[in-house]
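To keep things clear, I will list the structure first and then write my remarks on it.
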Amino acid sequence: MSTETEAAGVEVGTPPPAGWEEARARVYAVALSAALPVVTRPLADTDGHTLAEPLTTRTDLPAFPTSSVDGWAVRGAGPWQITGRVLAGHTPPPLTADGSTVEIATGAMVPEGTSAILRIEESTRTADGRVAGTPRPQPEWREPGEEAHLGEELSPAGTPVDPAVIGLAASCGHDTLRVRRPPRAALLVFGDELLTAGPPGAGRVRDALGPSVPAWLRRYGCQVRAADVVGPVADTLPAHVAALRGALTTADLVCTTGGTMHGPVDHLHPTLEALGADYVVNTVAVRPGFPMLLARLVDGDGRVRFVAGLPGNPQSAVVALVSLVAPLIAGLTGRPMPVLPQVTLAEPVPGRGEYTHLALARWDRVAGTAHPVRHVGSAMLRGLAGADGFAVIRPGTSGAAGDRVPLVPLPLSPGERS
């Protein structure tokens, strides 16, 4: 069957597993060297993309002095004679005479010669129709360049584009952005023992990864269509080769579930060999999730694609996603390598000998603490459903209550900033 046994060791002739931190760094470097092409897209089409160059402003922000309130732009001492009105979107004539005022709307350009703006709610009218009141001492308008100056960098290359970035780009004069598109991902589910509907029984288990892995990939910023999820694929080498070759025609990244060891129906390694792939990482010294892998294929035209082999045990598969797929996607999109926050362990966490231990935990962001959860077997998902990430216990150590350790957060939403 395709689900791996976590206790399995390294077979004779297999290179030793890569250290967990080394594997992540290696994957990121390889992905960054194969980053997706830079394209120019209209602002409305850039959500979920990544800035390929810094976002700079094409003008001062604001470009001209703008009123921050509805009121009266006045010159000199009051009361003031009304001489007109200024609305947003118009260039007003200057105020040239002391004792004059124009009504002004929020966001409108402040006339040259204005000495103060009197809020409409703090003004009164004299018997002869003039405006009276006491302007506040602080200016009631925004100066040019108050938010940013012409040419100033607002967001660096590698920034995920979200609605806030799109709005900022529009406000400073951009119609298009130079971006890298989201990676296209596909999923192949291996294992004749898997059911795709109903409760498990009669020796067959329910496929939990086919429905969930695409959602994780989307939260990491990938595009995954329903048609890109295939399986269960029959446990034969020809079926594996055909399925992977088909998925690679359109995907930048193909994830597979199961078959990452060398059992009688584990066909992923022979499939990768048949397709001419080379390994970036082949097993990682981490528990759970040890038999994960990442392979690279290069077309004759130089196009690079990747295959991430996820273990068949559900929690182990998610460990592979946070360990290898997260830095892969960061590199492909030109984003920075994810920086792991530091947390304080609220309870002891055992080590796993010479392997890194990724321990499921709830993250109290206010207190900065990580609380280990129960039900964390490789084949279990109950603990994962109540966790926020994995506390990292480095090789040769164990975690004591009060220790500061890195935490690998689970992605909360599509395009979440690292």
Side-chain angles (χ1 to χ4, degrees), residues 1-6 8-15 17-18 23 26-27 30-31 34 183-194 196 205 207 209-210 213-214 217 222 224-225 227-284 289-314 316-317 319-321 323-325 328-329 332:
M1 57 193 295
S2 298
T3 301
E4 291 75 5
T5 302
E6 283 292 331
V10 180
E11 294 203 349
V12 175
T14 302
R26 189 189 306 172
V27 167
V30 169
R184 301 185 184 102
L187 174 66
L188 302 181
V189 179
F190 295 153
D192 285 344
E193 76 278 14
L194 299 175
T196 57
V205 297
D207 171 33
L209 295 176
V213 169
L217 291 171
C222 290
V224 189
R225 304 169 304 170
D228 296 323
V229 181
V230 178
V233 177
D235 277 336
T236 68
L237 180 58
H240 279 50
V241 171
L244 187 53
R245 180 179 283 122
L248 288 167
T249 58
T250 57
D252 305 296
L253 163 66
V254 179
C255 290
T256 65
T257 66
T260 55
M261 292 297 284
H262 298 275
V265 290
D266 290 337
H267 299 297
L268 181 56
H269 290 281
T271 297
L272 293 171
E273 182 180 359
L275 295 179
D278 63 276
Y279 292 104
V280 179
V281 172
N282 185 8
T283 71
V284 178
F290 154 76
M292 64 180 74
L293 64 85
L294 186 80
R296 174 181 53 189
L297 298 96
V298 183
D299 281 348
D301 62 2
R303 178 187 172 215
V304 180
R305 292 153 301 159
F306 293 91
V307 177
L310 315 181
N313 276 326
S316 297
V319 169
L321 286 170
S323 298
L324 300 185
V325 175
L328 176 78
I329 294 170
L332 288 178

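These figures come from a predicted structure and were not determined experimentally.
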Shortest non-hydrogen contact between L209 and L187, atoms and distance | O-CD2, 3.7 Å
Output all residues satisfying side chain to side chain contact (heavy atoms under 4.5 Å, CB included) with V298, sequence neighbours left out; order by chain, then residue number.
-> R296, V304
Residue pairs meeting salt bridge (Lys or Arg N to Asp or Glu O under 4.0 Å), one or both in residues 236-248, sequence neighbours left out, come to none
Parallel, tilted or perpendicular for H267 and H240, by the 30°/60° rule?
-> perpendicular
Which residues pass the side chain to side chain contact (heavy atoms under 4.5 Å, CB included) test with A308, sequence neighbours left out?
-> L253, C255, L294, L310, V325
side-chain hydrogen bond (donor to acceptor under 3.5 Å, both in side chains) filter on S323, not counting sequence neighbours, yields W20
How far apart are the closest heavy atoms of L188 and A247, and which atoms are they?
-> CD2-CB, 4.2 Å
Contacts of R225 meeting salt bridge (Lys or Arg N to Asp or Glu O under 4.0 Å) (sequence neighbours excluded), chain-then-number -> D228
Between A317 and P311, what is the shortest heavy-atom contact and its length?
-> CB-O, 3.4 Å
List for me each residue that meets salt bridge (Lys or Arg N to Asp or Glu O under 4.0 Å) alongside R26, sequence neighbours excluded, and say none if there are none.
-> E22
For R305, which residues count as a side chain to side chain contact (heavy atoms under 4.5 Å, CB included) partner, sequence neighbours excluded?
-> L248, L297, D299, R303
Does the side chain to side chain contact (heavy atoms under 4.5 Å, CB included) test come out yes or no for L332 and F306, once each step is laid out?
-> CA-CA 10 Å; L332 288 178; F306 293 91; 3.8 Å; yes
A274: what forms a side chain to side chain contact (heavy atoms under 4.5 Å, CB included) with it, not counting sequence neighbours?
-> V241
When rounded to the nearest 0.5 angstrom, what is the spacing between OG1 in T271 and CG in L244?
-> 6.5 Å
Rounded to the nearest 0.5 angstrom, the NE2-OG1 distance for H269 and T260 is 6.0 Å
Hey, what do you get for CD1 (I329) to CG (L324), rounding to the nearest 0.5 Å?
-> 11.0 Å
